[in-house]
Amino acid sequence: MLTRFKPTWMINSIYEITPAEIREMGIKVILTDLDNTLIAWNNPDGTPELREWLEVMRIEKIPVIVVSNNNQKRVEKAVEPLGLPFIARAMKPLTKGINEAKKKFALEDRQIVLVGDQLLTDIAAANAAKIKSIWVKPIVETDAWNTKLNRFIEKIIKKRLQKENIIKKVWGHSLND
């Protein structure tokens with residue numbers, strides 16, 4: 001049961017993902033959660049570091065697609081300044097949004113990775129969809145009201161995963177850590 005929450009990789013931040021590592025792993029498209037993964041949930045403008053990372057991915061021709069459980073209006077408002085395609089109402093931990101992305105880009109499971117900050121939604125959805133996943137630390141330590149219960153449960157699951165040596169006890173700085 002716990003293995004459905006096991007990420008393929010654990011790294012500090014989405015910004016530490018490099019095109020070289022992505023290509024080395026055979027990945028062609030990065031799916032990413034929005035809130036607390038790509039941008040802080042309470043700061044929809046993003047950071048200069050985010051814009052720099054996205055520009056590197058654009059130059060390297062690695063598509064980045066937001067797959068979010070938020071509604072269309074919320075996601076569109078957040079990603080429009082970033083020029084990112086998106087799928088709203090993804091229904092993670094179900095595979096609806098991921099499957100939509102798979103069809104849109106006609107990719108095989110092994111060519112896609114989902115980056116997210118939550119075990120219960122992002123990582124569980126990636127595992128259910130049989131794609132790779134990168135679990136990142138949340139950008140900010142606070143959460144929207146509707147995420148607080150998930151974080152409480154996530155702490156319990158994380159401790160069990162670590163106790164049973166299913167995941168590392170420390171966050172990496174690259175996919176090779």
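Nothing here was measured: the structure is a model prediction, and the numbers come from that model.
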Worksheet item: To the nearest 0.5 Å, what is the distance between NZ (K130) and CG (N127)?
Response: 9.0 Å

Worksheet item: Within the distance-only criterion (no hydrogens, no angle test), does the side chain of W135 pair as donor or acceptor with the backbone N or O of N12 below 3.5 angstrom?
Response: no

Discussion item. If I compare all heavy atoms of A40 with all of I139, which pair ends up nearest, and what's the gap?
Written reply: N-CD1, 4.0 Å

Discussion item. Regarding K102 and D109, does a basic nitrogen lie under 4.0 Å from an acidic carboxylate oxygen?
Written reply: yes

Worksheet item: Quick one: do the S68 and N70 side chains pair a donor with an acceptor below 3.5 Å?
Response: yes

Worksheet item: Can you tell if the side chain of I157 reaches within under 4.5 Å of the side chain of I153, non-hydrogen atoms only?
Response: yes

Worksheet item: Do V56 and V115 share a hydrophobic cluster (ILVMFWY, side-chain heavy atoms under 4.5 Å, transitive)?
Response: no

Discussion item. Can you tell whether the side chains of R58 and E55 come within less than 4.0 Å, N to carboxylate O?
Written reply: yes

Item to complete: Using a cut-off of 6.0 Å, state whether more than 12 heavy atoms not belonging to R160 lie near its atom CZ.
Response: no

Worksheet item: Roughly how far, to the nearest 0.5 Å, is the CD atom of E164 from the NZ atom of K159?
Response: 14.5 Å

Worksheet item: From T37 OG1 over to Q118 CD, what is the distance, rounded to the nearest 0.5 angstrom?
Response: 7.5 Å

Worksheet item: Distance from E24 atom CD to T18 atom OG1, nearest 0.5 Å?
Response: 8.0 Å

Worksheet item: Do V79 and I98 sit in the same hydrophobic cluster, where Ile, Leu, Val, Met, Phe, Trp and Tyr count as joined when their side-chain heavy atoms come under 4.5 Å apart?
Response: no

Discussion item. So, taking the atom named CG in L120 and the one named CG in N150, what distance separates them when rounded to the nearest 0.5 Å?
Written reply: 5.0 Å

Practice prompt. With the side chain counted from C-beta on, respond yes when L34 and R74 share a heavy-atom pair under 4.5 Å apart, and no when they do not.
Written response: yes

Please report, to 0.1 Å, the donor-acceptor pairs under 3.5 Å made by any side chain of residues 3-11, with sequence neighbours excluded.
{"from": "T8", "atom 1": "OG1", "to": "S133", "atom 2": "N", "distance (Å)": "2.9"}
{"from": "W9", "atom 1": "NE1", "to": "L175", "atom 2": "O", "distance (Å)": "3.3"}

Item to complete: Say whether I123 and I65 are linked into one hydrophobic cluster, either directly or through other cluster members, by side-chain heavy-atom distances under 4.5 angstrom.
Response: no

Worksheet item: Do I59 and L54 belong to the same hydrophobic cluster, where Ile, Leu, Val, Met, Phe, Trp and Tyr are linked whenever their side-chain heavy atoms lie under 4.5 Å apart, directly or via other members?
Response: no

Worksheet entry | Verdict with reasoning, V64 to W53, per side-chain contact (heavy atoms from CB on, under 4.5 Å) | CA-CA 10 Å; V64 176; W53 182 81; 4.1 Å; yes

Worksheet item: Taking all non-hydrogen atoms of both residues, which atom of L119 and which atom of E154 are closest, and how far apart?
Response: N-OE2, 2.7 Å

Practice prompt. Grab the two heavy atoms, one from L50 and one from I39, that are nearest each other, plus how far apart they are.
Written response: CD2-CG2, 3.6 Å

Discussion item. Check whether Q111 reaches the backbone of E108 with its side chain - one donor and one acceptor, N or O, closer than 3.5 Å.
Written reply: yes

Worksheet item: Around Q162, counting heavy atoms of other residues, nucleotides and ligands shown, do more than 12 lie under 6.0 Å from its CD?
Response: yes

Sequence neighbours excluded and cut-off under 3.5 Å, please list the side-chain donor-acceptor pairs for residues 80-96, or say none.
{"from": "K92", "atom 1": "NZ", "to": "D33", "atom 2": "OD1", "distance (Å)": "2.9"}
{"from": "K92", "atom 1": "NZ", "to": "V67", "atom 2": "O", "distance (Å)": "2.8"}
{"from": "K92", "atom 1": "NZ", "to": "D122", "atom 2": "OD1", "distance (Å)": "2.8"}
{"from": "T95", "atom 1": "OG1", "to": "N99", "atom 2": "ND2", "distance (Å)": "3.0"}
{"from": "K96", "atom 1": "NZ", "to": "R89", "atom 2": "O", "distance (Å)": "3.2"}
{"from": "K96", "atom 1": "NZ", "to": "E100", "atom 2": "OE1", "distance (Å)": "3.3"}

Worksheet item: K132 side chain to R110 main-chain N or O, any donor-acceptor pair under 3.5 Å?
Response: yes

Fill in: D177: salt bridge (charged side-chain N to carboxylate O under 4.0 Å, His left out) partners, not counting sequence neighbours
none

Worksheet item: Same hydrophobic cluster for L114 and M57, using side-chain heavy-atom links shorter than 4.5 Å among ILVMFWY?
Response: no

Discussion item. Closer than 3.5 angstrom, by distance alone: can the side chain of Y15 be matched with the main-chain N or O of L38 as a donor-acceptor pair?
Written reply: yes

Discussion item. Using side-chain heavy atoms (C-beta onward) and a distance below 4.5 Å, is V29 in contact with L31?
Written reply: yes

Fill in: Pairwise side-chain contact, R23 with K28, heavy-atom cut-off 4.5 Å (strictly under)
no

Discussion item. For the residue pair S174 / E21, report whether a side-chain donor-acceptor contact shorter than 3.5 Å exists.
Written reply: yes

Item to complete: Find the distance between CD1 (I166) and CG (L161) and round it off to the nearest 0.5 Å.
Response: 5.0 Å

